[in-house]
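Remarks on the structure that follows.
We name chains A, B, ... by the order of the sequence lines, and we start the count at 1 in each one.
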Protein chains: 2
Amino acid sequence: MAFVQFHGFRSLQFPSRDCMFNPIRGHTEICTFNNRCYAIKACIKKPEQNVLLESKINSVLDSVIWDEKGLAVAIAQNVDSGAILMQGFANREALASTISSKKATFYSRSRSTLWTKGETSLNFINVHDIFLDCDRDSIIYLGKPDGPTCHTGAETCYYTSIFDSLNKPEIEENNLALTTLYSLESTLARRKEELSAPEQGKPSWTKRLLLDDKLLCSKIREEADEFCRTLEENEDESRTVSEMADVLYHEMVLLIRRGLKFEDVLEVLRCRFTQSGVEEKNNRKAKSVN
Amino acid sequence: MAFVQFHGFRSLQFPSRDCMFNPIRGHTEICTFNNRCYAIKACIKKPEQNVLLESKINSVLDSVIWDEKGLAVAIAQNVDSGAILMQGFANREALASTISSKKATFYSRSRSTLWTKGETSLNFINVHDIFLDCDRDSIIYLGKPDGPTCHTGAETCYYTSIFDSLNKPEIEENNLALTTLYSLESTLARRKEELSAPEQGKPSWTKRLLLDDKLLCSKIREEADEFCRTLEENEDESRTVSEMADVLYHEMVLLIRRGLKFEDVLEVLRCRFTQSGVEEKNNRKAKSVN
């Protein structure tokens, strides 16, 4: 078993088994040693390819414009929902560790140490890709969280709306930053919760749909048909968009009716259409077998 | 006409007309003066309410944990697609200006001045809400961009994939950071482009759908029906998710077939379901009337 340390990596351990280390596609495990988190590469075969990869990684790390403290902003984003999970800072080591381990890793300015999100909570952010911005001083860790990201237990760290604080008498701190589809999903979920309370006045359309499966399904079929007819009858493009909005809304209601999340649908799509999705699915199968 | 300067704002001009200034709901226009961008509030009536609002804004600005340079990270995110558009820094003035003008405004560290994204390109980011993270030192400007955000003309500043750089022989800088749905959309759009090239071998399912409207529409109706039946026949929840993925994929193909973007659908949904969407729609109507 060989231990290799190269510039930018905290530690890489290469048991001499019959396959090649690849930080992108390769098998990686995380373990802790002396309270620090290490990426263990399962195996290595072709050292010349590894040297090439090491050189490429160093070249990427060199290309980042680190600030005077050696840091760059690192933003973790949910690969399915697009939600911004958290923002921290990365130094060269943290980025190298993230490339290697595919777990979002940051540099803690208060503790002057690396930290892998999830090393305590086990809510890791499994990184599918990493992006640099045009100035090469800002990083996105695009990944899938194992659970809530915020230390408070909230799904993301962004749950304080300034406009709410200004508009409402009391500052509320439970309003997640949601983009359009998830804002709609949240509204639909609220309507479902409200069903248990006595109805005052005429129920909303959403509530009627939630209470009547026959109505809901007939609307989905009807809206899907209308959506198709915008193509078949060569209607204006704005009609296609509008009908797609109609059918999507009704489909979202059915998901909520069954207690499901749109993010689950996206995960299925990702597993079908991307390599990382397929890998993730296989890893889960392997886990469940174990 | 009165000019009012209060702590945190660059400049606020209140013509004495018969309505109240409200930075959230109020009518705001941007103009430039001495090469700087100013928010003009259209009107003001009730000074006591304005003082209360001013006090609330100052309280929010006081609550942000500014770093030793008086800055916090500010991330601009597309309210519909969830795409991270850019990342900059905000100081107290920049955040106050964004609250007031609803145009994403940053502090340029290189030029030591405020800058409103779009003041040169006119590609403003119209802010619908602003979020603080749990540590109150990181900000999301959740908004709708008027056009491409990056100075290169790219939709966002994040188009350099590190994993691509490591996996591909040449570093490509044209791979936008896309979440699942937009990654799928991009793949579908590529399949459509490929239709003009001579087909080698059996065309993919997506291409067959793109070439055959009858097939595409029959599949959408069929998948919508199967999705409904998962509820009607009380099938397993995973079947509902899977069928929703099927119907969504086919619907996305129809959108691409017509040259439309999923983001357009989300904009329609936002206009229907949120106040800011309705406002935006009305503002556009007003603009087109003018």
Side-chain angles (χ1 to χ4, degrees), chain A residues 24 56-57 60 73 75 77 79-80 82 84 87 99 129-134 138 140 142 150 152 157-158 160-163 165-167 177 179-181 183-184 187 213 217 220-221 224-225 228 231-232 237 240-242 244-245 248-249 251 254-255 258 260 264-266 268-270 273-274, chain B residues 24 56-57 60 73 75 77 79-80 82 84 87 99 129-134 138 140 142 150 152 157-158 160-163 165-167 177 179-181 183-184 187 213 217 220-221 224-225 228 231-232 237 240-242 244-245 248-249 251 254-255 258 260 264-266 268-270 273-274:
Chain A
I24 314 306
K56 276 188 175 184
I57 292 173
V60 165
V73 167
I75 304 159
Q77 185 180 27
V79 66
D80 289 328
I84 297 175
Q87 177 260 310
I99 292 171
D129 206 344
I130 305 172
F131 288 85
L132 293 175
D133 78 342
C134 51
S138 181
I140 294 177
L142 193 62
C150 189
T152 60
C157 294
Y158 298 89
T160 305
S161 156
I162 288 187
F163 284 7
S165 308
L166 298 177
N167 275 327
T179 51
T180 298
L181 207 55
S183 178
L184 171 61
T187 302
D213 290 350
C217 291
I220 290 173
R221 289 185 177 99
D225 178 66
C228 291
L231 175 65
E232 291 164 334
E237 285 171 357
T240 304
V241 170
S242 176
M244 173 69 190
L248 185 59
Y249 156 76
E251 287 163 351
L254 194 150
L255 288 179
R258 296 219 79 185
L260 298 166
D264 300 333
V265 175
L266 293 177
V268 166
L269 279 175
R270 177 164 49 80
F273 291 100
T274 71
Chain B
I24 314 307
K56 277 187 173 184
I57 292 173
V60 165
V73 167
I75 303 159
Q77 185 181 28
V79 66
D80 289 328
I84 297 176
Q87 176 260 311
I99 293 171
D129 206 344
I130 304 171
F131 288 84
L132 293 176
D133 78 343
C134 51
S138 181
I140 295 178
L142 193 62
C150 188
T152 60
C157 293
Y158 298 88
T160 305
S161 155
I162 288 187
F163 284 6
S165 308
L166 298 177
N167 276 327
T179 52
T180 298
L181 206 57
S183 179
L184 171 61
T187 303
D213 290 351
C217 291
I220 291 173
R221 289 185 177 101
D225 178 65
C228 290
L231 174 66
E232 290 165 335
E237 284 172 358
T240 304
V241 171
S242 176
M244 175 68 192
L248 185 59
Y249 156 76
E251 287 164 350
L254 194 149
L255 288 179
R258 297 219 79 184
L260 298 167
D264 300 334
V265 176
L266 293 176
V268 167
L269 278 175
R270 177 164 48 82
F273 291 99
T274 71

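For chain A, the option among R258(B), E237(B), M244(B) with the highest count of heavy-atom pairs below 4.5 Å is R258(B). Comparing L260(B), I220(B), L181(B), D264(B) by how many heavy-atom pairs each has under 4.5 Å with chain A, the most go to L260(B).
D225(A) meets the side chain to side chain donor-acceptor pair (under 3.5 Å) test with R229(A), R221(B); sequence neighbours excluded. Residues that satisfy the side-chain contact (heavy atoms from CB on, under 4.5 Å) test with A245(A), not counting sequence neighbours, are V265(B), V268(B), L269(B), R272(B).
With a 4.5 angstrom heavy-atom cutoff, L266(B) touches chain A via backbone and side-chain atoms both. Only the side chain of L248(B) comes within contact range of chain A, judged by heavy atoms closer than 4.5 Å. Heavy atoms of I84(A) lying under 4.5 Å from chain B belong to its backbone as well as its side chain. Heavy-atom distances place the side chain of L184(B), and not its backbone, under 4.5 Å from chain A. Both the backbone and the side chain of L132(B) come within contact range of chain A, with heavy atoms under 4.5 Å apart. When heavy atoms are compared at a cutoff of 4.5 Å, T187(B) does not approach chain A at all. At a 4.5 Å heavy-atom cutoff, the contact between Q77(B) and chain A is made by side-chain atoms alone.
Nearest heavy-atom pair, C150(B) versus C134(A), reported as atom, atom and distance to 0.1 Å: SG-SG, 3.6 Å. The two residues V60(A) and S165(B) make their nearest non-hydrogen contact at CG2-CB, 4.1 Å. The two residues G82(B) and T179(A) have their closest heavy-atom pair at CA-CG2, 3.6 Å. Scanning both residues, K56(B) and N167(A), for their nearest heavy atoms gives NZ-C, 4.5 Å.
Taking 4.5 Å as the limit, every side-chain heavy atom of L231(A) sits out of range of all side-chain heavy atoms of T240(A).
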